[in-house]
Amino acid sequence: MELVCIECGKVRSVERPFPMGCECGGLTEVRHDFRGADAEKLKALFDARLMFRTGPYASGVWRYKELIDPVLDEAHIVTRGEGNTGLYDCGPAARHAGVRRVWLKAQGENPSGSFKDNGMTAAVSRGVAAGCRAVACASTGNTSSSLAMYAARAGLRCVVLVPPGGVASGKLAQTYAYGAEVYALEGGYDAGVRLLNRYGASLGLYVCNSVNPFRIEGQKSMIIEAAHQLGWSLPDWVVLPGGALSNASAVGKGLLEMKAIGLIDRVPRIAVVQAEGASPFHRMIASGGDTLVPEPAPRTAASAIRIGNPPSWRKAARVLRETNGVTCAVSDDEIMAAKRVIDRVGIGCEPAAAAGLAGLRKLAEDGVIGRDETALVVLTGHLLKDPDAIRPLETEDARRPIPPEELLARLAARTPARA
Ligand SMILES: *Cc1c(COP(=O)(O)O)cnc(C)c1O
Ligand SMILES: [Zn+2]
């Protein structure tokens, strides 16, 4: 296992995580040596670990340690039992999208309420292994909730840069509660990523944005776990929202590695869905370009994907090429309509997480995804992350106190007559 620059190919030891990127400015990624891997033995090992109720192997990330970080010393693992999220066969979602079958992978069931935990446990564990004392991230909210949680578990100082006024209230609440230092930075998320990339290492801060290659390794576990849940075969498509594009990069890497090892026979196609007002990656792919033009003023109600300059776009572009993937962009109205479907089946998600289902519907309408095809839609974050997005559903009846007699009369009038 080693770190490789995706631009110049320079190789580095995983024991030296400072600085995160390569001198040439390129992103680094973890390269594994899976030549000796035996798919059947791995499946048996992963099955056996389903018995664990405590300790690192009870985690839905570390269950797959051989594929994530095989050489990490177990003593350095910082875990909250992350992963282990539900996979729901959902008829109403399939009908909304107009495809044959949809599974919802509810990553909001993670301990801090988003898929960021899958990656963060891997990143923070590596930071602990390297002796780091302080961690940092720029965040639209969920990265900071997750990092603050693991930093608190490991007793590390945690510095968080957030866009002024741009973070959903549930996410900020978690970040404060776990004891992080929170700074609202002029210029928002994109400025925060730039600042930490340039100065993080010199300030002694171990950077846990998606430029951290170990986060990508941890985030692969989502698709590994889903394959495990479905008996090592996956639907035709994996559909997910795209902000910084770390998740798309991770899912693609995980799929290709599982195929190379022989854990799965067929690699699903990936669809990355962005919000119309924050869709620089979709615009690049749709125009056939190979250079991302940042969106200077990203806009969408789905704050988790309000990102104008996605750091991982080169990794995501490669993943799309290698998996014959597609992109699309959806409006906030389409996102909120999909969210309503997901909420009303009793699962629920935050707005950004609903972008996947909205995109699936659009891609089926456009004939990109066939009506007879199947899809796994990744729900990236929990319903309670963004209470303001639900507030419009509050009714006059819920606000205004009703005298008991009036309530009884009204309920009686609505109750079907007894036989
Ligand atoms: C971070 C996040 C995203 C975007 O994921 P990327 O890996 O940044 O593309 C989408 N939805 C939610 C809820 C998130 O927290
Ligand atoms: Zn390089």
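Ligands are counted one by one from 1 in listed order, and the atoms in each one are counted from 1 as well.
- Less than 4.0 angstrom separates some heavy atom of Ile305 from each of these atoms of ligand 1: 3 (C), 4 (C), 10 (C).
- To the nearest 0.5 Å, the span separating SG on Cys208 from CZ on Arg215 amounts to 7.5 Å.
- Relative to the ring axis of Tyr57, Arg49 places its NZ or CZ within 45° and under 6.0 Å from the centre.
- With respect to atom 7 (O) of ligand 1, the closest heavy atom belonging to the protein is Ser246 OG, 2.6 Å.
- Of the heavy atoms in Leu245, only backbone atoms (N, CA, C, O) come closer than 4.0 Å to ligand 1.
- Contact atoms of ligand 1 toward Glu350: 13 (C) (distance under 4.0 Å to a heavy atom of the residue).
- A donor and an acceptor atom, one from each side chain of Thr85 and Lys105, are located under 3.5 Å apart.
- Taking the six-membered ring where the residue is Trp, Phe46 and Trp232 present tilted rings, their angle falling between 30° and 60°.
- Taking only nitrogen or oxygen atoms, main chain and side chain alike, Gln219 does not reach within less than 3.5 Å of ligand 1.
- Atoms of ligand 1 found under 4.0 Å from any heavy atom of Asn247, numbered from 1 in the order shown, are 7 (O).
- Because its NZ or CZ atom is both nearer than 6.0 Å to the ring centre of Phe214 and within 45° of the ring axis, Arg126 counts as a cation-pi partner of that residue.
- Angle SG (Cys24) to the Zn ion (ligand 2) to SG (Cys22): 110°, rounded to 10°.
- Around atom 14 (C) of ligand 1, the closest heavy atom drawn from His382, Lys171, Arg306, Lys116 belongs to Lys116.
- Closest protein heavy atom to atom 5 (O) of ligand 1: Phe115 CZ, 3.4 Å.
- Judged by distance alone, the side chain of Asn324 and the main-chain N or O of Arg269 form no donor-acceptor pair under 3.5 Å.
- Not one N or O of Gly381 is nearer than 3.5 Å to an N or O of ligand 1, by distance alone.
- Scanning the protein for heavy atoms near atom 11 (N) of ligand 1, the closest one is Thr380 OG1, 2.7 Å.
- Between Ser331 and Ile335, the closest side-chain pair of non-hydrogen atoms is not below 4.5 Å.
- Set against the non-hydrogen atoms of Gly242, the atoms of ligand 1 under 4.0 Å away are 9 (O).
- Crowding of Asp290 atom CG: a count of heavy atoms from other residues, nucleotides or ligands under 6.0 Å not exceeding 12.
- Which parts of ligand 1 touch Ala352 is read off a 4.0 Å heavy-atom cut-off, strictly below it: atoms 11 (N).
- Residues Lys220 and Glu217 are paired through a salt bridge, judged by an N-O separation under 4.0 Å between the basic side chain and the carboxylate.
- At least one N or O atom of Asn142 sits closer than 3.5 Å to an N or O atom of ligand 1.
- Of all protein heavy atoms, the one closest to atom 8 (O) of ligand 1 is Ala244 N, 2.8 Å.
- Checked by atom type, the side-chain pair Lys116/Gln107 shows no donor-acceptor distance below 3.5 Å.
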